[in-house]
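Structure first, commentary second.
Naming convention: chains lettered A, B, ... in sequence-line order (proteins, then strands); numbering from 1 in each chain. Note that this is a predicted model, so its numbers are computed, not measured. Quick note: numbers below take in every heavy atom, side chains included, and nothing from hydrogens, waters or symmetry partners.
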Amino acid sequence: MQYWSQTYIPTLKESPAEAEIESHKLLLRAGLVRRIGGGLYAYLPLGKRTLDKVAQICREEMNAAGAIELLMPAVLPADQWKAGPRWNAVREVMYEVSSASAQAKESEDGPQYVLGPTHEEIITPLIGSEISSYRDMGKTFYQIQTKFRNEIRPRYGLMRAREFIMKDGYSFDLDDENAEETYRRMAQAYEKFFARCGLNFISVEADTGIMGGSFSHEYMVPAEVGDDDVVYCEESGYAANVEKATSGLPPSDFQDAAPAAELEEFETPGAVTIAALAKEPYGIQAEDQFKTLIYIGDGKPFALVLRGCDELEEAKLGALGYELVRPATPSEIEPLMGARPGSLGLVKGTIAQRDKLDGIYADETIRLVGNGVTGANKDGYHMRNVNVERDLDIDSFGDFRRVKAGEPCPNSGKPLKIARAIEVGHIFKLGTKFSENDSWGAKYHDANKETKPAVMGCYGIGVSRTLQAIIEQSRDDFGIVWPWNVAPYHVVVTVLDPDMDEAMELAGRIAEAVETEGADTLIDDRDERPGVKFKDADLIGIPLRITIGGRGLKEGIVEMKWRDSKDVAKIPIEKVESVVTSKIQNRSSG
RNA sequence: CGGGGCGUAGCUUAGCCUGGUAGAGCGCCUGGUUUGGGACCAGGAGGUCGUUGGUUCGAAUCCAAUCGCCCCGACCA
């Protein structure tokens with residue numbers, strides 16, 4: 001048990017200006033965290049307690065799923081990253097660490113150390129050097145640790161911070177089959193973990209991004225303030241991150257629209273946007289236009305074509321196999337194509353330097369366009385009656401467009417919905433991307449003495465982000481409404497007259513009884529007015545409040561109120577210990 | 001990195017446009033009256049007005065630079 005006067009819970013009546021969203025305001029107002037710098041937070045005692053609760057539940061579920069906890073350093077040798085497959089891609093989000101004496105050397109060779117943003121590059125050679133027999137395969141290791149990522153724009157408090165707490169796990173299996181079994185087991189552990197945190201969440205198909213690997217799922221908490229868009233269908237259960245989502249457009253049996261008219265060039269002075277061509281005097285619907293985009297992949301330009309009405313989903317460019325991809329600049333585009341952006345097209349024979357293009361990729365849905373319009377690679381000119389097979393110079397087709405709400409679900413055909421969500425977990429089946437490396441990978445000898453790479457998976461949970469996601473989802477006008485399992489204290493005994501020995505003794509007895517049930521108790525013994533105590537108890541969101549007041553004592557009762565209910569129960573003092581403990585048993589088991 | 005906004009006491013902010021040397025509420029300290037949903041009275045402490053430079057007799061106020069924070073975008077393992 002803890003006396004309020006002995007701990008430190010600095011609640012605020014007003015929200016500091018730094019906070020924009022409700023969960024961030026409540027983190028500050030309830031005295032859980034304070035900002036130290038941009039994207040950097042100190043956990044005050046109440047925040048630390050809650051963070052520990054979330055981490056402990058995570059630990060329990062990982063252990064229950066057979067994972068083994070370890071702890072790796074946060075300061076990592078840069079050489080180990082440089083030897084890995086994604087140094088260049090990941091470097092810009094990494095903090096570099098240098099000692100004063102090493103700085104001169106580092107300026108030439110890059111940093112000597114980095115702060116760990118994740119640990120594949122560390123655990124793979126670690127386990128690789130430890131394990132060499134197939135008998136030792138089938139292990140999953142995890143740690144709960146501070147991670148560092150130089151977010152371009154930290155925001156929303158703990159939601160996207162430069163330093164955050166993460167549970168990262170890594171599995172090493174004999175083969176694909178075993179790896180997929182591990183993946184399923186971790187997925188189940190994730191479901192249990194988020195459920196125990198009291199979260200409403202969904203798992204969605206996700207893009208593997210820079211991590212690579214064969215497939216992945218994200219755990220998403222629906223919330224307006226989320227950073228991700230989730231595409232879903234209630235009918236079929238289909239759910240995917242918009243980066244990954246596909247729709248039933250185009251239909252699987254569709255055919256190219258038939259060419260019907262002669263290709264011709266026409267003047268379009270000043271019209272350099274899809275919208276401009278859609279207006280008079282041209283009146284060409286966006287659906288009937290081709291959108292041509294030039295990107296640079298690992299230094300090599302390539303072209304993309306989509307329907308004018310569609311947006312490129314950049315994450316889908318990952319399928320093209322480049323390590324670093326960025327949009328080309330106008331000065332790169334003009335000599336290549338022969339025109340500035342706005343007049344670009346991919347009609348055969350019109351591209352100034354076709355041989356410089358590393359590839360021309362088309363979204364499948366452009367096949368729906370017949371007699372379309374595209375740029376002529378000549379400023380101020382477009383071409384009409386453009387047809388896909390006949391006229392466009394395409395190397396391959398793929399899925400590059402971003403799905404829009406209302407499009408048919410790929411499984412059920414019903415309209416897809418889109419919702420904002422917070423990503424709180426992400427699991428990947430990695431395959432052998434890391435383990436197969438000859439010099440530092442993780443390989444084992446099988447029963448036939450053959451050397452094989454371990455089939456890996458990796459599993460992340462944003463522990464500190466989960467904490468804030470819980471608040472975002474579990475609050476009301478008065479403050480946080482903690483789910484039982486993650487509440488910093490389960491019960492607050494609000495003593496309205498702490499000067500009365502009788503009241504304080506009763507509070508102590510109740511707290512002792514409650515703690516034997518495993519419930520953490522906070523006794524509000526402060527010399528404050530009742531209103532202040534009630535407001536603070538609501539703000540910090542303790543699930544159960546027992547109020548002891550002089551008035552009630554005269555009647556021989558105390559009051560019991562759940563944070564998520566308006567009802568106040570009056571309980572005779574002689575029964576209070578048994579009543580409260582039985583209520584707690586119900587709540588903590590349910 | 002591009003666009004926008006904001007930096008005045010621990011927190012929320014007024015004052016800035018139209019220059020004359022800083023005010024309020026909350027919080028904090030002292031005393032008193034209060035005591036079941038953020039009390040009241042009296043007194044008090046606390047601010048190099050983000051920083052630096054410039055204009056001016058005089059700068060929180062005007063100008064410039066810089067730093068920091070917030071929002072939108074880009075980015076996001």
Opposite nucleotide pairing with [N], Watson-Crick or G-U, both atom distances under 3.5 Å:
N: C76(B); result: none
N: A39(B); result: U33(B)
N: G46(B); result: none
N: A65(B); result: U51(B)
N: A24(B); result: U12(B)

Heavy-atom pair with the smallest gap, counting every atom of [X] and [Y]:
X: Gly31(A); Y: Arg34(A); value: CA-NH1, 4.0 Å
X: Ala421(A); Y: Val230(A); value: CB-CG2, 3.7 Å
X: Arg465(A); Y: Glu423(A); value: NH1-O, 2.8 Å
X: Leu40(A); Y: Arg162(A); value: CD2-CB, 4.0 Å

Rounded distance in Å between the [atom1] positions of [N] and [M]:
N: G50(B); M: A22(B); atom1: P; value: 15 Å
N: G23(B); M: A65(B); atom1: C1'; value: 30 Å
N: A9(B); M: C75(B); atom1: C1'; value: 38 Å
N: G43(B); M: A59(B); atom1: P; value: 34 Å
N: A74(B); M: G3(B); atom1: C1'; value: 11 Å
N: G2(B); M: C11(B); atom1: C1'; value: 33 Å
N: U55(B); M: C62(B); atom1: C1'; value: 8 Å
N: A14(B); M: G25(B); atom1: C1'; value: 11 Å

*Taking the six-membered ring for Trp and the full ring for Phe, Tyr or His, determine whether the centres of Tyr183(A) and Phe215(A) are under 6.0 Å apart.*
yes
What nucleotide, of [options], holds the atom closest to the side chain of [X]?
X: Arg155(A); options: C75(B), G38(B), U12(B); answer: C75(B)
X: Leu496(A); options: U13(B), G36(B), G38(B); answer: G36(B)
X: Lys535(A); options: C75(B), C70(B), G37(B); answer: G37(B)
X: Phe534(A); options: G38(B), G36(B), U12(B); answer: G36(B)
X: Arg160(A); options: G37(B), C76(B), G38(B); answer: C76(B)
X: Arg545(A); options: C75(B), G37(B), U34(B); answer: G37(B)
X: Glu20(A); options: G38(B), C70(B), U12(B); answer: C70(B)

Between [atom1] on residue [X] and [atom2] on residue [Y], distance to nearest 0.5 Å:
X: Glu20(A); Y: Ser15(A); atom1: CD; atom2: OG; value: 10.5 Å
X: Glu559(A); Y: Leu496(A); atom1: CD; atom2: CG; value: 8.0 Å
X: Leu46(A); Y: Thr7(A); atom1: CG; atom2: OG1; value: 7.5 Å

Let me know the distance between [atom1] of [X] and [atom2] of [N], rounded to the nearest Å.
X: Glu151(A); N: C75(B); atom1: CD; atom2: C1'; result: 9 Å
X: Glu243(A); N: C75(B); atom1: CD; atom2: P; result: 10 Å
X: Arg551(A); N: U35(B); atom1: CZ; atom2: C1'; result: 11 Å
X: Lys554(A); N: U35(B); atom1: NZ; atom2: P; result: 11 Å
X: Tyr295(A); N: C75(B); atom1: OH; atom2: P; result: 7 Å
X: Leu317(A); N: C76(B); atom1: CG; atom2: P; result: 11 Å
X: Asp524(A); N: G38(B); atom1: CG; atom2: P; result: 15 Å
X: Arg162(A); N: C76(B); atom1: CZ; atom2: C1'; result: 13 Å

Within the 3.5 Å criterion, strictly below it, is a donor on [X] or [Y] matched to an acceptor on the partner's side chain?
X: Thr246(A); Y: Asp399(A); answer: no
X: Asn150(A); Y: Tyr95(A); answer: yes
X: Ser23(A); Y: Gln468(A); answer: yes

Which part of the nucleic acid does [X] contact within heavy-atom distance under 4.0 Å: base, sugar-phosphate only, or nothing?
X: Pro16(A); answer: sugar-phosphate
X: Asp228(A); answer: nothing
X: Gly460(A); answer: nothing
X: Glu314(A); answer: sugar-phosphate

*Can you sort out which residues in residues 26-42 of chain A have a heavy atom within less than 4.0 Å of RNA chain B? Ascending by number, please.*
Arg29(A), Arg35(A), Gly38(A)
*Tell me which residues in residues 4-14 of chain A put a heavy atom below 4.0 Å from RNA chain B, sorted by number, or none.*
Lys13(A), Glu14(A)
*asked:* Under 4.0 Å between a side-chain nitrogen and a carboxylate oxygen: does that hold for Arg526(A) and Asp536(A)?
replied: yes
*asked:* Can you work out whether Ala17(A) or Gly531(A) has the more 5'-proximal nearest nucleotide on RNA chain B?
replied: Ala17(A)
*Toward the 5' end of RNA chain B, by each residue's nearest nucleotide, Asp497(A) or Met166(A)*: Asp497(A)
Give me, pair by pair, the N or O atoms of the protein and of nucleotides 1-8 of chain B that are less than 3.5 Å apart, along with how far apart they are.
none

*Can you say whether the rings of His24(A) and Tyr41(A) are parallel (under 30°), tilted (30 to 60°) or perpendicular (over 60°)?*
perpendicular
*Classify the angle between the aromatic ring planes of Tyr361(A) and Phe302(A) as parallel (below 30°), tilted (30 to 60°) or perpendicular (above 60°).*
perpendicular
*Please state whether the base of C76(B) and the side chain of Arg149(A) form at least one donor-acceptor pair under 3.5 Å?*
no
*Any chance you could lay out the side-chain contact (heavy atoms from CB on, under 4.5 Å) test for Lys533(A) and Trp4(A), step after step, and finish with the verdict?*
CA-CA 10 Å; Lys533(A) 296 189 172 206; Trp4(A) 197 309; over 6 Å; no
*asked:* Can you tell me if Tyr156(A) touches the phosphate of C69(B), counting only side-chain N or O atoms and a distance under 4.0 Å to OP1 or OP2?
replied: no
